[in-house]
Engineer: 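One structure follows; several queries about it will come next.
FYI, side chains are in, hydrogens and waters are out, and symmetry mates aren't considered; it's all heavy atoms of this structure. Just so we're clear, the structure is a prediction, and the values are computed from it rather than from any experiment. We number each residue from 1, following the sequence as shown. Whatever order the structure lists them in is the order used to number ligands and atoms, beginning at 1.
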Amino acid sequence: MQAGSQEWQTLLSEEALRMGLRLDPIALGRMARHAQVLLEWNRTTNLTAITDPVEVAVKHFLDAILPSAHIPTNGQLLDIGTGGGFPGIPLKILRPDQPMTLIDGSRKKINFVKHVIRHLGLENIEAHQVRAELLCGHPENQGRFAIIVCRAVSDLSAMARLALPLLAPRGRLFLYQGPSDAPRRTDGGTDFGQGMTVQASVQYRLPILGDQRTLVVLAKTGNEN
Ligand code: SAM
């Protein structure tokens with residue numbers, strides 16, 4: 001099977017539907033193009049270690065979108081450490097109207113993400129080569145984001161500290177976690193950095209592969225100094 005082929009799109013759409021998510025033809029076509037360009041660029045630019053077409057569908061696209069019902073569709077969304085555009089680009093494809101900012105410290109990854117944005121004709125989305133630590137050094141970014149998403153960048157406490165100044169009051173951080181980065185506690189404790197508390201922990205399994213995943217939701221409490 002070729003990534004992005006009709007067969008690949010059928011697999012993606014059937015597995016998403018099985019998990020309660022209907023992908024329209026425009027969204028499917030965009031995800032297919034993202035997957036194709038990802039693997040094309042990956043031959044010369046190191047973007048992802050996942051290159052098997054089924055794994056690309058499951059570990060990149062389905063993982064990004066399956067827990068999306070828990071992520072609000074209103075408000076400015078920031079994806080920290082987006083890499084090849086995950087989870088930001090698949091979320092944007094599902095929600096064309098939601099304003100989004102994707103950042104990564106790596107120039108080559110952001111060049112790729114900018115190419116995908118142009119290639120797919122996505123609007124109301126920005127991509128910047130910047131580390132999260134530097135983004136909050138600009139006053140206009142402090143408290144700017146209602147939603148921050150992040151997958152496979154750093155541990156829970158470090159991400160909570162990074163996200164805190166960027167989050168709007170009562171903003172939320174959504175951490176996509178695999179089995180290797182299970183948090184120490186997800187039961188509503190407040191030990192993940194001053195001003196952040198764990199609000200929810202959503203477990204799901206990746207289709208076909210069966211791997212366990214968790215979406216940890218941290219909320220800004222408003223108690224930070
Ligand atoms: N989120 C993508 C995914 O799940 O496929 C990429 C994950 S990759 C393992 C981690 C990415 O985070 C890399 O592209 C790296 O450059 C970026 N990164 C790490 N720390 C960062 C920081 N403090 N600010 C911005 N980007 C960061």
Engineer: Quick one: look at Thr48 and ligand 1, take heavy-atom pairs under 4.0 Å, and tell me if it's side chain, backbone, both or neither.
Structural biologist: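 None of Thr48 does.
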Engineer: May I ask you to say whether Glu126 pairs ionically with Lys92, meaning some side-chain N is under 4.0 Å from a carboxylate O?
Structural biologist: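 No, Glu126 and Lys92 are not salt-bridged.
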Engineer: Report yes if the distance between the aromatic ring centroids of Phe86 and Phe61 is under 6.0 Å, otherwise no.
Structural biologist: yes
Engineer: Say whether His60 and Thr48, considering side chains only, have a donor N or O and an acceptor N or O under 3.5 Å apart.
Structural biologist: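 Yes, Thr48 and His60 have a side-chain donor paired with an acceptor closer than 3.5 Å.
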Engineer: For atom 12 (O) of ligand 1, grab the closest protein heavy atom and report residue, atom and distance to one decimal in Å.
Structural biologist: Gly81 CA, 3.4 Å
Engineer: With heavy atoms under 4.0 Å as the rule, classify the contact between Arg131 and ligand 1 as side chain, backbone, both or neither.
Structural biologist: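 Within the 4.0 Å criterion, Arg131 contacts ligand 1 through backbone and side-chain atoms alike.
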Engineer: If you measure every N or O of Phe86 against every N or O of ligand 1, does any of those distances drop under 3.5 Å?
Structural biologist: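 Yes, there is a polar N/O contact under 3.5 Å.
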Engineer: Salt bridge or not for Arg213 and Asp63, using N-O below 4.0 Å?
Structural biologist: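 Yes, charged N to carboxylate O under 4.0 Å.
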Engineer: Classify the side-chain pair Gln36/His34 by whether it contains a donor and acceptor separated by less than 3.5 Å.
Structural biologist: no
Engineer: Under a 3.5 Å cutoff, is there a donor and acceptor pairing between the side chains of Gln129 and Ser106?
Structural biologist: no
Engineer: Just going by heavy-atom distances, which of Val149, Leu134, Asp104 is nearest to atom 13 (C) of ligand 1?
Structural biologist: Asp104
Engineer: How far is atom 4 (O) of ligand 1 from its nearest protein heavy atom, and which residue and atom name does that atom have?
Structural biologist: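 Nearest protein contact, heavy atoms only, for atom 4 (O) of ligand 1 is Arg151 NE, 2.6 Å.
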Engineer: Considering only non-hydrogen protein atoms, determine which one is nearest to atom 20 (N) of ligand 1 and report residue, atom name and distance to 0.1 Å.
Structural biologist: Val153 CG1, 3.5 Å
Engineer: Do ligand 1 and Gly105 have nitrogen or oxygen atoms that lie under 3.5 Å from each other?
Structural biologist: yes
Engineer: Give me the residue, atom name and distance of the protein heavy atom closest to atom 23 (N) of ligand 1.
Structural biologist: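 Going atom by atom, the protein heavy atom closest to atom 23 (N) of ligand 1 ends up being Glu133 OE1, 2.8 Å.
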Engineer: Hey, which atoms in ligand 1 end up nearer than 4.0 Å to a heavy atom of Lys109?
Structural biologist: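 Close to Lys109: 13 (C), 14 (O).
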Engineer: So, applying side-chain contact (heavy atoms from CB on, under 4.5 Å) with Ile71, which one of Val149, Ile65, Leu94 is it?
Structural biologist: Val149
Engineer: Would you mind telling me which of Leu218, Leu175, Leu166, Thr101 makes a side-chain contact (heavy atoms from CB on, under 4.5 Å) with Ile148?
Structural biologist: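 Testing each of Leu218, Leu175, Leu166, Thr101 against Ile148, the sole residue satisfying side-chain contact (heavy atoms from CB on, under 4.5 Å) is Leu166.
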Engineer: To check your reading of the model: name the closest protein heavy atom to atom 24 (N) of ligand 1, its residue, and the distance in Å.
Structural biologist: Ala132 N, 2.9 Å
Engineer: Among all protein heavy atoms in this structure, tell me which lies nearest to atom 10 (C) of ligand 1, with the distance rounded to 0.1 Å.
Structural biologist: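 Answer for atom 10 (C) of ligand 1: Ala152 O, 3.3 Å.
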Engineer: Cut-off 3.5 Å, side chains only: do His119 and Arg30 have a donor facing an acceptor?
Structural biologist: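 Short answer, no.
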Engineer: Identify, by atom number and element, the atoms of ligand 1 in contact range of Val130, meaning under 4.0 Å from any of its heavy atoms.
Structural biologist: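 In order of numbering, the contacting atoms are 25 (C).
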